Amino acid sequence: MGTVTEPGVTAPAPVAAAVASQPQETIDGFQMVIEALKLNGLDTLYGLPGIPITDLTRRAQAAGLRVLAFRHEQNAGYAASIAGFLTQKPGICLTVSAPGFLNGLNALAHATTNCFPMILISGSSEREIVDLQQGDYEEMDQLAVAKPVCKAAFRVLHADDIGVGIARAIRAAVSGRPGGVYLDLPARLFAQSIDAAAGRSTLIKVVDAAPKQIPAPEAVKRAVELLKGAKKPLIVLGKGAAYAQADADVKALIEKTGIPYLPMSMAKGLLPDTHPQCASAARSFVLPEADVVMLIGARLNWLLSHGKGKTWGGKTSKDWGGQKFVQIDISPQEADSNVRIDAPLVGDIGSCVSALLAAIGSGWTKAPSDWTGAIDERKTKNIAKMAETLAKDPSPMNFHSALNVVRDIVKANPDAMLVNEGANALDFTRSIVDMYKPRKRVDVGTWGIMGIGMGYCVAAAVETKQQVLAVEGDSAFGFSGMEVETICRYNLPVCIVVMNNNGVYKGTDVDPTGRDPAPTVFVKGARYDRIIEAFGGVGVNATTPAELRAAIEEAFRSRKPTLINAVIDETAGTESGRITSLNPSAAKKKA
Ligand code: ADP
Ligand code: TZD
Ligand code: MG
C-alpha cells in the first residue's frame, strides 16, 4: 500500500502551547506508545505491520523492543496469548485495522476464554469517517466488534491519554481472572505531537497490576472442614494453577494432605506426572469414586464433563454423581456454574493455597490408604497395559510407537517446551507423554482450537529461550504452517513433528460418489518436511521410530528449526480422537 498516504501523516496535530523563544521538544503518539509499553516491562510485540502501525513496529524495534513479525495476525495473536500465560504479563499483539484486527480477534477471544492476559492493539481508521460509515480505508468500528469477545476494550484519541489507556489495558488483562483486552489506537493518534516533558509526565508505571486476593478465613475453614471429612478426596489441578506460579505451595499442599490429584492438560508437570500421588492413569476410576473434590484453577466445563453425568458416577448423562466440591478460583462467579460448590474459595491461588497450608498445620491425617491403595492398583495395571502397547513396533508407525519416542525425549529434556494440537495427535500425546516441570505443556486449551501451533512455538521459544518441540496433527499444522518461515527467519530452536496420517482423524475416508476427495482427507503421502526446506530449515521424513528419534535428537542438539514428517498409519486414529461422543452423529446413534 505504498502509494496511499498514511492517514495519520496528513492529519492536523493539536498544537501544544508554544514556549516563547526556545524550540519546543515534542513527542509523538508512536513514541508515547513505545515508552508506555517499555515503562511497564512490555518489551515484546507479536504482530504484522501495515498502515497505520508500520512505523510503530519499526520504531519499537529501534527502541530496543523485540518485534516478532508474523505471516498472519491470528498466529501473532496466539503467540501473544501464550506469552501471557507463560509470563503473567499481558502478551501484546499488534495489527492493522479491519481485516488485520479481525484476524487477530480470534486469538483475543481465545485468550479471554482461556483466562490468559493479552492485549490486542490495533490501528484503526478515521473516527469521523468510520462513524458516518463513509467508506474509509479498512473502515470498521473495531471497538464495538471487539467488546463481546474480550474482557475490556478501550480507545485512545489523544496522545496524552496513551499512558492511561495502556495502564487500564494492563490492569484489565492481568487483574482478577486474566483475559484479553482490546486497545484501539486510531491512525491520527500516532502522528499527534505534544510537548515531550508534559507528554511523558502522563505515562503510568502500573503498580501492583494483579493484586493478591486473600480468601476469607471462614471460606478457608469451610474448605478445610469438607476435606477433613473426606474418605475419598481428590484434587484437580487446572491451567489456572499452572498460571498462578505458586508451584511450591501447590506441591506442599498435595504432599502434606496425601490427596491424589489429576492434572488437566496444561497443568501436567506442575508436579511430575510420575509423582506417586498422580492419578492420571486411573482417571476413569477416581472421578466417579471420589467423594470430595478440590478444584484448583480448573472449571467444571465440558473438559470435566460439567462435574456430573456418568464420568462422575451419575446414573444418566445429566445426573450429579454425589461429589462435594471445593473450588479455588479468582472469579467469584465461577462457583455453581455447573453443579453445586459446597466450599467456594475465592482468591488468587497462591494466597488460597498458602491459607489452606496454614489452616491444615502439621497434624493432618493423610488421605485414607484404602482409597490411595485402590488408585495405585488401577494405576499399576493401566501403566503396565500402556507399556505393552508402547513397546510394539508396527509398520507403518502408529501414534503410540511414534509418541513413545517423544515420551523418551521429553523425559530426557524436561525443560523443553511441548506444543500440542490435533485430535488423535493431541489426545494420545496428552496421555502418553509425561511432563516433569510446570508450564512446559501448551495446547489447544478450553476451546480445543486448531491453529495455535506455530504461534505458540514462536512465543514459547522467545519467552522461555528453551528448546521447543511441537507435536502436530497434519490438519492442525495446516492452520499455521506458513509460520515455519517466521521460525526460520528468527532462527528459533523449534522442532515440529507433523503426525502425518493423511487427514483429519484418519486418512481413509472416501467420497461415496467417487467425485472428490473426502472432506477429512489430504494429499496422500504429503511431504511436510519439504515446506521448511524452502526457508533454510531442516526437513526430515521419518517412517520408523528410530528415524524419528534420531531426527528429534539432532534437532535438539543443533537447535536448528526442524520439521519432521512422521509417517503414521492412516488407519490408526479414531473419529474426533477422545471426544467422539460430542459428534452429533454419535449422539444420534445413542438415542
Ligand atoms: P483447565 O482447562 O485446565 O481445567 P480452566 O481454564 O477451565 O482450566 O480454569 C482456569 C481457572 O483458573 C479459571 O476459572 C480462572 O478464573 C482461574 N484462575 C486463573 N488464574 C488464577 C489465579 N491466579 N488465581 C486463582 N484462579 C485463577
Ligand atoms: N477448526 C478449528 C479452529 N478448531 C477445531 N477444533 C476444528 C476446526 C475441528 N477439528 C478438531 O476438533 S481436531 C481437527 C479439526 C479440524 C483436526 C484433526 O486432524 P489432525 O489430527 O490431523 O490435526 P489427527 O491426529 O489426524 O486426529
Ligand atoms: Mg491427521
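All ligand and atom numbering here is 1-based and tracks the order in the structure. Please read all numbers here as calculations on a predicted model, not as lab measurements.
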Would Phe479 count as being in polar contact with ligand 2, using the rule that some N or O on each side must be under 3.5 angstrom apart? no

Do any nitrogen or oxygen atoms of Glu421 lie less than 3.5 angstrom from nitrogen or oxygen atoms of ligand 2? no

Heavy-atom contact under 4.0 Å between Ala267 and ligand 1? no

Whether the side chain of Arg439 engages the backbone of Met417 through a donor-acceptor N/O pair (distance < 3.5 Å, no angle test) should be reported. no

Looking only at protein heavy atoms, what sits closest to atom 17 (C) of ligand 2 is Ser475 OG, 3.4 Å

Using distance alone, with no hydrogens and no angle criterion, decide if Ser401 and Asn404 have a side-chain donor and acceptor under 3.5 Å apart. no

To the nearest 10°, what's the angle at the Mg ion (ligand 3) between atoms O (Gly503) and OD1 (Asp474)? 90°

Identity and distance of the protein heavy atom lying nearest atom 23 (O) of ligand 2: Ala476 N, 2.9 Å

Distance check below 2.8 Å: does Asn501 bring an N, O or S atom to the Mg ion (ligand 3)? yes

Judged by non-hydrogen atoms, does Ala241 sit under 4.0 Å from ligand 1? no

So that I can check it, does any N, O or S atom in Gly507 come closer than 2.8 Å to the Mg ion (ligand 3)? no

With a cut-off of 4.0 Å, which atoms of ligand 2 are near a heavy atom of Phe399? 25 (O)

Flag side-chain contact, heavy atom, 4.5 Å: Phe477 against Met454: yes

Do any N/O atoms on Ala425 end up under 3.5 angstrom from N/O atoms on ligand 2? yes

I need the Glu472 CD to Tyr528 OH distance, nearest 0.5 Å. 11.0 Å

